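Below, read A as the first sequence line, B as the second, and so on, with proteins coming before strands; counting in each chain starts at 1. Quick caveat: nothing in here was measured; it's all calculated off a predicted structure.
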Number of protein chains: 2
Amino acid sequence: MPNKKLLLQIDFRSGLPIYTQIVNQVQAQVAGSVLKPGDQLPTVRALAEELRINFNTVARAYRILDEARIISTQQGRGTYITEIPPPKVTERLRRESLEALTQRYISEAMRLEFSKDEINEMVRNQLKAWKASAQANQNE
Amino acid sequence: MPNKKLLLQIDFRSGLPIYTQIVNQVQAQVAGSVLKPGDQLPTVRALAEELRINFNTVARAYRILDEARIISTQQGRGTYITEIPPPKVTERLRRESLEALTQRYISEAMRLEFSKDEINEMVRNQLKAWKASAQANQNE
DNA sequence: TGTGTAATTGTACTAATTGTATCATTGTCA
DNA sequence: TGACAATGATACAATTAGTACAATTACACA
């Protein structure tokens with residue numbers, strides 16, 4: 001199934017920068033669940049062509065959205081809507097999602113025959129050392 | 001006896017390149033003795049088909065693993081887990097694998113805006129309550 | 001048993017697609 | 001006019017895909 005087409009309405013006379021309009025509208029569509037986690041956005045070039053603007057302008061919008069953790073851009077691959085915690089999940093749902101996440105993690109670690117102590121130790125250490133920026137380059 | 005099937009879980013939106021995900025997971029399974037010396041890995045084409053990716057992507061992952069002496073690829077024959085990996089390497093692998101796994105977990109949890117305390121607490125509780133049998137088939 | 005041919009496997013090189021970085025140009029406004 | 005923000009042009013880097021090829025193995029058949 002082809003990607004849902006991203007529908008944006010740019011007003012070139014509105015006084016608002018184009019990239020801001022893109023940011024706002026994507027943000028709005030995410031908030032309104034028109035765009036859902038995992039959805040792929042058009043490539044910078046495709047969207048630029050459709051809107052008849054320079055692809056750098058799209059890239060700029062995407063960069064801002066990426067920094068706001070709303071989308072995830074991956075060089076050579078594409079850009080995707082990230083998982084956003086629903087603003088009003090109940091505490092119970094929140095807890096359950098952490099439970100599920102943790103269970104998958106522990107299950108996997110145990111399958112690889114790490115001991116409980118090793119796991120606990122590793123979690124404690126990494127939590128201590130955690131920096132939000134480290135999320136970007138977790139691949140080495 | 002047919003080959004044990006290599007079980008890999010690729011997340012196309014994780015931000016990690018596919019080949020890196022393959023490397024990490026094979027590495028982890030070697031470290032955790034899920035894959036043992038002499039085990040044959042799927043052919044580049046077979047694994048590629050299963051994961052619905054290009055076989056060159058698998059080949060790239062295999063090349064990296066080969067350079068790290070974790071596997072041995074042989075043109076025309078197949079790829080195998082290296083015999084007698086030095087204990088030093090194994091230990092380092094084990095550590096790195098758990099590190100990578102844990103980082104992914106924490107990164108995900110933090111993105112869902114759980115606090116360090118919440119995460120730590122959840123891990124400790126689940127570890128305490130862990131029953132291997134209960135988790136047998138929770139990975140899908 | 002030997003040998004030729006096809007099948008299977010990994011390799012090498014290249015192309016295509018994607019986002020990134022840097023600087024130039026344009027336009028607005030004090 | 002000068003400064004600054006927005007946009008555009010160009011070159012680049014990372015990832016994945018396409019194609020041809022080489023090494024090895026399997027197997028039919030003389």
Rounded to whole Å, the CD-P distance (A:Gln75 to C:dT18) equals 13 Å

Starting at OH of B:Tyr19 and ending at C1' of D:dT15, how long is that distance when rounded to a whole Å?
7 Å

In whole angstrom, what separates A:Leu16's CG from D:dA6's P?
10 Å

Interface residues of residues 46-60 of chain B with DNA chain C (non-hydrogen, below 4.0 angstrom):
B:Phe55, B:Asn56

What pairs with A:Glu121 under salt bridge (charged side-chain N to carboxylate O under 4.0 Å, His left out), at least two apart in sequence or on another chain?
A:Arg124

Separation between CG of B:Leu47 and CG of B:Leu41, rounded to the nearest 0.5 Å:
8.5 Å

Side-chain donor/acceptor of A:Arg77 to base of C:dG19, under 3.5 Å:
no

Are B:Leu127 and B:Leu101 linked, directly or through intermediate hydrophobic residues, by side-chain heavy-atom contacts shorter than 4.5 Å (ILVMFWY only)?
yes

Could you state the CD1-P distance from A:Ile18 to D:dA6, rounded to the nearest angstrom?
11 Å

Rounding to an integer number of Å, can you tell me how far A:Phe12 CZ sits from C:dT28 P?
15 Å

Counting only side-chain nitrogens and oxygens, does A:Thr73 get under 4.0 Å of the OP1 or OP2 atom of C:dT20?
yes

So, using salt bridge (charged side-chain N to carboxylate O under 4.0 Å, His left out) as the criterion, who are the partners of B:Arg94 when residues are at least two apart?
A:Glu118

In this structure, CD of B:Gln74 is separated from OG1 of B:Thr79 (nearest 0.5 Å) by 8.5 Å

Passes salt bridge (Lys or Arg N to Asp or Glu O under 4.0 Å), B:Glu91 versus B:Arg95? Steps please.
CA-CA 6 Å; B:Glu91 196 40 47; B:Arg95 174 154 202 88; over 6 Å; no

A:Ser72 side chain to A:Thr82 main-chain N or O, any donor-acceptor pair under 3.5 Å?
no

Value in whole Å for how far the P atom of C:dT11 lies from CD of B:Glu67:
10 Å

In whole angstroms, how far is the P atom of C:dG19 from the CD1 atom of A:Ile22?
13 Å

To the nearest Å, how far apart are B:Asp66 CG and C:dA12 P?
10 Å

What nucleic acid atoms does B:Arg45 come within less than 4.0 Å of, heavy atoms only: base, sugar-phosphate, or nothing?
base

